[in-house]
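Residue numbers start from 1 in every chain, and the chains themselves are labelled A, B, ... in the order their sequence lines are given, proteins ahead of strands.
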Amino acid sequence: MIECEGLSKTYRVARREAGFGNAVKALFSREYETIQALRDVSFSVRDGEIVGYIGPNGAGKSTTIKTMCGILTPDSGKCVINGRVPWRDRKKHVREIGVVFGQRSQLWWDIPVAESFRLLRDMYKVEPAVYRRNLEELTELLGLREILKTPVRNLSLGQRMRCEIAASLLHDPRILFLDEPTIGLDAVSKLNVRRFVKKRNKEHGTTVILTTHDMQDIEALTGRILLIGKGRLLLDGNLEELKKHISPKKTLHIKYQGKTPRLFEGIVLLEEKMDDTEAMEGQMKLSLDPGGLSVSAAIEALAEQTNLLDVSVTDITAEEMVAALYKEYEI
Amino acid sequence: MRVYGSIFRIRLINGLQYRSVALGEVLMRFFWGLMEILAYAALFRTGQGNFSMTFSQTVSYVWMQQVLFVLFRVVVGDGDIYSTIEEGSIAYELVRPVSLYGRWFFQSAAGRVVPTVLGSLPLLLIVPFLPGSCRMIFPSQAGRILLFVVSCVLALGVVAAFAMLMYISLFYLTSQRGIKIIVTAVTHFFSGGMIPLRFFPDRARAVVQCLPFASMRDMPLQIWCGTMTGPEVFWGMMIQIFWLAVLLLAGYAAMEHALKRVVVQGG
Amino acid sequence: MMRVYLDFISANLKSQMQYKLSFLLTVVGQFITAFTSWFGLYFVVQRVGAIDDFTQGQVTICFSVIMLSFSIGELFGGGFAVFARILGNGEFDRILIRPGSVLLQVLFPHMDFTRIGLLLQAVLVLGIAIPKSGITWTGAKAALLCLMILSGSVVFFALFLLSATFSFFTTQSLQFLDILTYGARSFGRYPFCVYGETVLKFLTFVIPLALVQYYPLLYLTERKTSPLYALSPAIALLFLAPCLAFFRFGISRYKSTGS
């Protein structure tokens with residue numbers, strides 16, 4: 001159980017301006033800028049939930065995660081995780097969490113992965129039997145058997161990320177923090193990571209807090225999204241609902257042969273293309289609002305006019321949704 | 001020549017950003033000098049006649065040594081030069097239409113002049129006004145100050161040329177830390193950074209005075225405090241010019257060799 | 001948990017040894033550094049034979065005690081020298097999400113074994129100084145000498161800790177704080193009384209370096225017989241407490257950089 005209430009944190013940075021004159025001026029008086037990394041952020045997460053944390057760069061995602069991990073001390077506000085205040089009861093708290101920072105390795109650069117795992121086992125005082133079981137399970141699921149003896153510096157990014165995830169789970173944490181876990185990974189590795197996280201959540205009931213810029217991560221993993229911008233928590237909701245909130249419109253892709261269909265009330269043309277003029281084949285991308293015109297009615301009307309080869313109906317994509325959200329909140 | 005002007009400008013702007021660093025440097029140099037002088041005061045009151053410099057000459061020597069500390073130091077934070085060598089991004093440097101030796105040499109020199117101007121010269125506003133015997137006394141003749149300045153420029157040249165040899169050695173020996181620490185210890189000691197070379201035993205001094213290290217610091221300081229006068233100054237500067245020429249030639253040749261090696265390796 | 005730290009040390013030693021030439025050159029460099037400071041002292045004191053009423057042998061005791069303390073303090077506190085980097089590259093984040101002691105996690109992976117060069121030289125000089133100092137050695141006095149070195153190491157360790165802690169508050173270079181560590185090493189070559197009343201008071205009550213060098217030296221040379229002088233190095237150990245508290249305060253002000 002995670003409960004955060006009114007978290008705020010500010011930084012002060014010196015403002016720098018270009019040019020020689022300004023540099024001399026700064027020698028005598030310096031202007032400071034206060035950056036509000038978090039303003040009054042409140043939310044709570046139940047055990048076993050997967051929550052996606054999104055927002056543009058510098059919005060305060062990492063600051064929140066780091067606060068929940070006990071790395072940062074907020075200026076004000078409350079945060080209680082499993083009954084403890086992370087930064088005050090740091091050692092006990094971190095024993096129950098697992099953390100993966102996608103941009104940075106938590107493994108020891110020069111030594112083989114297995115040695116890193118052993119160090120972690122000793123640090124977290126994992127029981128030998130529990131450690132053996134966990135290691136076996138993680139090695140199996142993440143496919144680590146061949147790379148356990150390799151020093152971390154020789155691993156590919158995808159291999160490293162799998163090891164990072166294994167490392168963060170050796171001590172059976174109840175909460176897993178993933179800060180951009182798929183950054184820089186290839187498509188296959190991304191899929192593997194997503195599949196594994198999902199499975200872990202289902203089978204072990206591990207709570208997962210995830211930040212990412214990759215909306216496919218969000219779509220694959222989470223029902224719930226927290227949107228943060230300029231340090232403020234802007235939205236807390238379900239992915240599907242958010243999509244509807246942004247735009248209930250559906251997009252209709254059709255492929256047809258024969259006469260180009262005439263458009264009618266309630267349907268808007270987005271794109272049109274002729275594939276083969278002789279065979280009279282073409283494509284259209286249409287938009288409609290299901291409030292006014294139902295999807296089936298639209299397809300029926302189109303099918304009457306021409307020979308439909310293929311039809312697909314989509315909501316707006318998560319990316320479009322996020323772009324729309326960022327625009328709406330001006331972040 | 002414009003290129004060198006902008007190298008200097010960038011360094012200066014960069015240095016100006018770090019106000020507290022400059023202030024810290026002034027304080028550190030001040031207290032360091034003061035402690036040295038207090039120790040010499042104790043030594044001189046224990047045995048007055050045993051030193052080949054007077055106390056007031058020693059005080060002048062120590063203060064000027066502190067004021068020009070960074071100017072004459074061989075190992076300073078020439079950050080990007082080290083990283084260029086270490087990360088092998090030297091290839092980028094070679095496509096620029098400026099001689100690498102010239103650029104690095106000037107960058108080294110600028111990298112010493114700027115922090116000296118910002119962090120040490122302010123000391124000059126304090127030390128002539130200290131009470132009692134801790135005060136630094138300026139030379140009375142303008143001629144000597146001029147000779148001191150000329151000798152300082154030569155010394156800076158020798159320091160930068162020697163630093164170039166050190167950078168080039170890093171193409172061959174991949175132990176930055178080891179090389180830096182050895183070079184620091186040797187150059188500091190034999191250039192009068194620890195004690196004036198006049199306080200070395202006489203026979204050792206005769207040799208040490210002719211090494212390139214003496215040309216890096218001790219000579220201008222001796223001209224400043226008045227222990228080197230008349231023909232000695234002339235010969236001292238000759239030695240400085242000699243070492244500057246030797247080190248420049250050696251450095252230039254070594255650079256050519258090192259770069260050929262880099263190109264062969266495909267760095 | 002202790003086993004983890006031993007593992008750190010061995011992993012660190014192994015990786016330092018991977019670069020044999022570098023390690024060797026650095027040790028040699030440390031050795032030369034220590035020798036030049038020793039010669040610098042020797043050449044000057046040789047001309048007078050004493051400073052105030054301390055003989056050359058007694059000065060040499062001061063030099064080697066401080067040099068030894070410094071090198072032991074730095075051997076263990078090597079992590080503080082790279083502390084700004086640890087804060088900047090995210091390693092400190094990693095340390096904080098582990099259930100171990102923050103300080104030990106900073107120190108053990110970064111112990112600087114090249115300091116044996118310095119250590120070795122200081123031991124050599126101490127070996128020369130002990131018979132030359134004119135001190136009539138007894139078991140108790142030998143024990144006091146060890147206490148001076150031990151406490152001195154702790155004080156230097158605390159000074160390194162203190163300088164490193166400032167990195168929590170600024171990203172600018174803190175090189176001027178070297179006067180606390182490298183400066184103290186350099187000035188400690190003479191009994192601290194030679195610098196006058198004010199400096200001695202500062203080094204007694206603010207940074208207690210005189211407590212590990214000057215006051216016990218008075219006891220060793222039998223200028224003072226009060227046991228307080230022999231116990232002064234133990235009192236100096238208290239200096240570690242405020243430095244540790246300051247470090248803890250620094251952690252609460254830690255601004256994790258990047259992403």
Side-chain angles (χ1 to χ4, degrees), chain B residues 17-32 34-52 58 70 77 115 119 173-190 192-201 204-205, chain C residues 19-54 59 112 114 117-118 166 170-180 182-184 186-196 198-199 202:
Chain B
Q17 282 177 355
Y18 299 104
R19 173 175 57 166
S20 50
V21 174
L23 182 69
E25 182 75 18
V26 174
L27 283 176
M28 172 178 166
R29 292 286 138 228
F30 177 73
F31 283 111
W32 201 293
L34 198 62
M35 291 293 276
E36 290 290 335
I37 285 166
L38 290 171
Y40 280 120
L43 285 161
F44 274 81
R45 70 175 171 251
T46 314
Q48 185 85 57
N50 310 24
F51 291 94
S52 42
T58 310
V70 183
L173 283 167
T174 53
S175 168
Q176 258 199 40
R177 194 173 170 219
I179 302 248
K180 275 183 185 172
I181 209 163
I182 292 174
V183 170
T184 304
V186 170
T187 54
H188 189 66
F189 184 58
F190 288 112
M194 199 165 290
I195 53 169
L197 296 190
R198 289 232 150 210
F199 292 162
F200 276 47
R205 209 194 114 208
Chain C
Y19 311 95
K20 278 202 191 66
L21 176 75
S22 183
F23 187 80
L24 203 71
L25 278 179
T26 311
V27 171
V28 169
Q30 306 272 16
F31 195 72
I32 296 176
T33 305
F35 253 104
T36 58
S37 359
W38 155 239
F39 274 121
L41 175 69
Y42 182 82
F43 290 165
V44 171
V45 180
Q46 177 79 349
R47 291 177 176 262
V48 196
I51 185 164
D52 288 342
D53 45 359
F54 292 91
V59 170
D112 185 358
T114 61
L118 216 58
F166 284 100
T170 176
T171 50
Q172 301 198 352
S173 158
L174 292 164
Q175 211 177 4
F176 70 92
L177 290 172
D178 282 0
I179 198 163
L180 293 179
Y182 289 81
S186 173
F187 308 136
R189 66 194 191 274
Y190 300 115
F192 283 120
C193 63
V194 308
Y195 300 102
T198 320
V199 174
F202 180 81

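- Contact of C:V199 with chain B is made through the side chain alone, with heavy-atom distances under 4.5 Å.
- Proximity to chain B involves both the backbone and the side chain of C:Q30, based on heavy atoms less than 4.5 angstrom apart.
- Heavy atoms closer than 4.5 Å to chain B are found in both the backbone and the side chain of C:S37.
- If you measure heavy-atom distances from B:M35 to chain C, the contacts under 4.5 Å come from both the backbone and the side chain.
- A distance-only check finds a donor-acceptor pair linking the side chain of C:R47 to the backbone of B:F200 [under 3.5 Å].
- Contacts of C:Y195 with chain B are made by both backbone and side-chain atoms, with heavy-atom separations under 4.5 Å.
- With a threshold of 4.5 angstrom between heavy atoms, B:Y40 approaches chain C through side-chain atoms but not through N, CA, C or O.
- Considering only heavy-atom pairs separated by less than 4.5 Å from chain B, the leading option among C:D112, C:D178, C:L177 is C:D112.
- No part of B:T184 comes within reach of chain C, as not one of its non-hydrogen atoms sits under 4.5 angstrom from that chain.
- Interface remark: of the candidates C:T26, C:L21, C:T36, C:T36 forms the most heavy-atom pairs closer than 4.5 Å to chain B.
- If you measure heavy-atom distances from B:R177 to chain C, the contacts under 4.5 Å come from both the backbone and the side chain.
- Both the backbone and the side chain of B:L43 come within less than 4.5 Å of a heavy atom in chain C.
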